[in-house]
Protein chains: 2
Amino acid sequence: MQHTGVAPRTDTRSRVQKVALELFAEQGYEKTSLREIAERLGVTKAALYYHFRSKEDIVHSFTDDHYARLDGLIDWAKTQPPGEQTRHEMLTRYVGIVFGGVEVFRFIEQNRAAMQTLESKGDRMARFRSRLDTMVDLLTGPDAPLRTRVRAAAALISVSATCMVVWDSVHDPAELQAIALELATDITD
Amino acid sequence: MQHTGVAPRTDTRSRVQKVALELFAEQGYEKTSLREIAERLGVTKAALYYHFRSKEDIVHSFTDDHYARLDGLIDWAKTQPPGEQTRHEMLTRYVGIVFGGVEVFRFIEQNRAAMQTLESKGDRMARFRSRLDTMVDLLTGPDAPLRTRVRAAAALISVSATCMVVWDSVHDPAELQAIALELATDITD
DNA sequence: GTCTATAGACGGATAGAC
DNA sequence: GTCTATCCGTCTATAGAC
């Protein structure tokens, strides 16, 4: 291990992220106070404000990565020719993204309402919903009938929603991932 | 229309329910204050406390009905012989329940985290999650493999989750209901 | 049934010492 | 980087007049 610039004295920042993500997903974003997060870590509220500008900033620190991944997938899909193979490849990558960040997706699913008001404040407008719509368009084409569009949306949603529900009772994530992909593929056909 | 006991002077109680359900679903349960609800109705906070014991009580006033419906479905399913026909009938009734109370289900989906902490407080333990598990058991039988169980859960979840997403852009609810039922049936087969 | 007024608690955020 | 102390806002809920 080499020095990469100045090493942080402690890893408080990442510990905050971990605890916050846990508590936000468990109890909800609004209900979890900074005092509670600080107490769990054995520090004070003020210490958190050294690492993050605000409570919202903590959320962005772990959602931005995953939104970027979704954007990457969308950009890639736009360059591909429409067709069954592209659809399947999209779903494969999407499932990979979800399973690569289950904790974050769980947090989002558990705090839909809070996320909406959070996202509508920023200039960037990092809308979860608009990305979903875009992906549905890419999966179906712009003028697809309602039935096709609904099924595409269901394929995407069921990946994250379903694995949230059964996640705790599963020993082998890889098996679940395979099941989710098969399911999503079936739905869109 | 006949008299049913003492007629209320005003319909404030039901107007509170309607506005609260709207705001809770839009902005989230925690973020919506009683002051805001009261303002929209042109009354004061204190007036709300004449009709409801607490903020939580407002929620229970419109979720209890729908939990009772789910319990009814579960009780009925327990008396039926396992098989494809029972499965299909279960899904049909479930879809009916969801579409019969879309606003309530939307509220639940949007406030998963808040609902969990709300429900775990009461003695009744009106758990959304445990009902889902029970329904999955009834759909699959108790010892079904993971793949079967995941797909049953997905069938149930995709009904509510999906129609939340596309609801606003749909003119004909009946058409959507048919699509949802077809989808749920496909998934479990 | 609805009001005014207020209690009592807790939230996010900041200032400044060390 | 972390602390103590504090500001100021908002919230749920209640008491008591009308």
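Each chain gets a letter, A, B and so on, in the order its sequence line appears, and its residues count up from 1.
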Q.
Contact between B/Leu181 and B/Gln177 at the side-chain level, heavy atoms closer than 4.5 Å - yes or no?
A. no
**Q.** Between P of C/dG12 and CZ of A/Arg53, the distance in whole Å
**A.** 18 Å
Q | Proximity to the side chain of B/Tyr49 - top-ranked nucleotide from C/dT14, C/dT2, D/dT12 | A | D/dT12
**Q.** Atom-pair distance (NZ on B/Lys45; P on C/dT4), nearest Å
**A.** 12 Å
Q: Applying side chain to side chain contact (heavy atoms under 4.5 Å, CB included), name anything that partners B/Ala144, two or more places apart in sequence or on another chain.
A: B/Thr140, B/Thr148, B/Arg149
Q) Got a sec? Which of residues 17-42 of chain A come in under 4.0 Å of DNA chain D, heavy atoms? A) A/Gly42
Q: Can you tell me which residue pairs pass the salt bridge (Lys or Arg N to Asp or Glu O under 4.0 Å) test with a partner in residues 13-24 of chain A, sequence neighbours excluded?
A: A/Glu22-A/Arg40
Tabulate below the donor-acceptor pairs under 3.5 Å that side-chain atoms of residues 70-84 of chain B make, not counting sequence neighbours, or state none.
residue: B/Asp71; atom: OD1; partner: B/Arg131; partner atom: NH1; Å: 2.4
residue: B/Asp71; atom: OD2; partner: B/Arg131; partner atom: NH1; Å: 2.6
residue: B/Thr79; atom: OG1; partner: B/Trp76; partner atom: O; Å: 2.6

Q: Name all residues meeting the ring-ring contact (aromatic ring centres under 6.0 Å, His included) criterion together with A/Tyr29; count only those two or more places apart in sequence or in a different chain, and write none if there are none.
A: A/Phe24
Q | For B/Asp172, all residues meeting side chain to side chain contact (heavy atoms under 4.5 Å, CB included), sequence neighbours excluded | A | B/Ala174, B/Glu175
**Q.** Degree of bending, the helix from C/dG1-D/dC18 to C/dC18-D/dG1 (end axes from five pairs; round to 10°)
**A.** 10°
Q) Nearest to the side chain of B/Ser54, which nucleotide is it out of C/dG12, D/dA13, D/dG1? A) D/dA13
Q) So, for A/Ser158 and A/Leu183, which heavy atoms are closest and what is the spacing to 0.1 Å? A) OG-CD2, 4.3 Å
Q | Any residue meeting side chain to side chain contact (heavy atoms under 4.5 Å, CB included) with B/Ala153, in chain and number order, not counting sequence neighbours | A | B/Val136
With a cut-off of 3.5 Å and sequence neighbours excluded, list every side-chain donor-acceptor pair involving residues 88-109 of chain A.
residue: A/Glu89; atom: OE2; partner: A/Arg93; partner atom: NE; Å: 3.2
residue: A/Thr92; atom: OG1; partner: A/His88; partner atom: O; Å: 2.7
residue: A/Arg106; atom: NH2; partner: A/Asp168; partner atom: OD1; Å: 3.4
residue: A/Glu109; atom: OE2; partner: A/Ser160; partner atom: OG; Å: 3.1

Q: Please write out which residues are connected to B/Tyr50 in a hydrophobic cluster, directly or through intermediates, given that two of Ile, Leu, Val, Met, Phe, Trp, Tyr count as joined at side-chain heavy-atom separations below 4.5 angstrom.
A: none
Q. B/Tyr50 OH to D/dA13 C1': how many Å, rounded?
A. 18 Å
(Q) Of the listed nucleotides (C/dT2, D/dA13, C/dC3), which one gets closest to any side-chain atom of B/Thr12? (A) C/dT2
Q) According to the side chain to side chain donor-acceptor pair (under 3.5 Å) rule, which pairs have a member within residues 180-189 of chain A, sequence neighbours left out? A) A/Glu182-B/Arg147, A/Asp186-B/Arg151
Close N/O contacts between protein and nucleotides 15-18 of chain D (under 3.5 Å):
none

Q. Tell me: CD of B/Glu56 to C1' of D/dC11, nearest whole Å?
A. 14 Å
Q | Rounded distance (Å) that lies between atom P of D/dA13 and atom CG of B/Asp57 | A | 10 Å
Q) Rounding to a whole Å, what distance do you find between B/Lys55:NZ and D/dT14:P? A) 15 Å
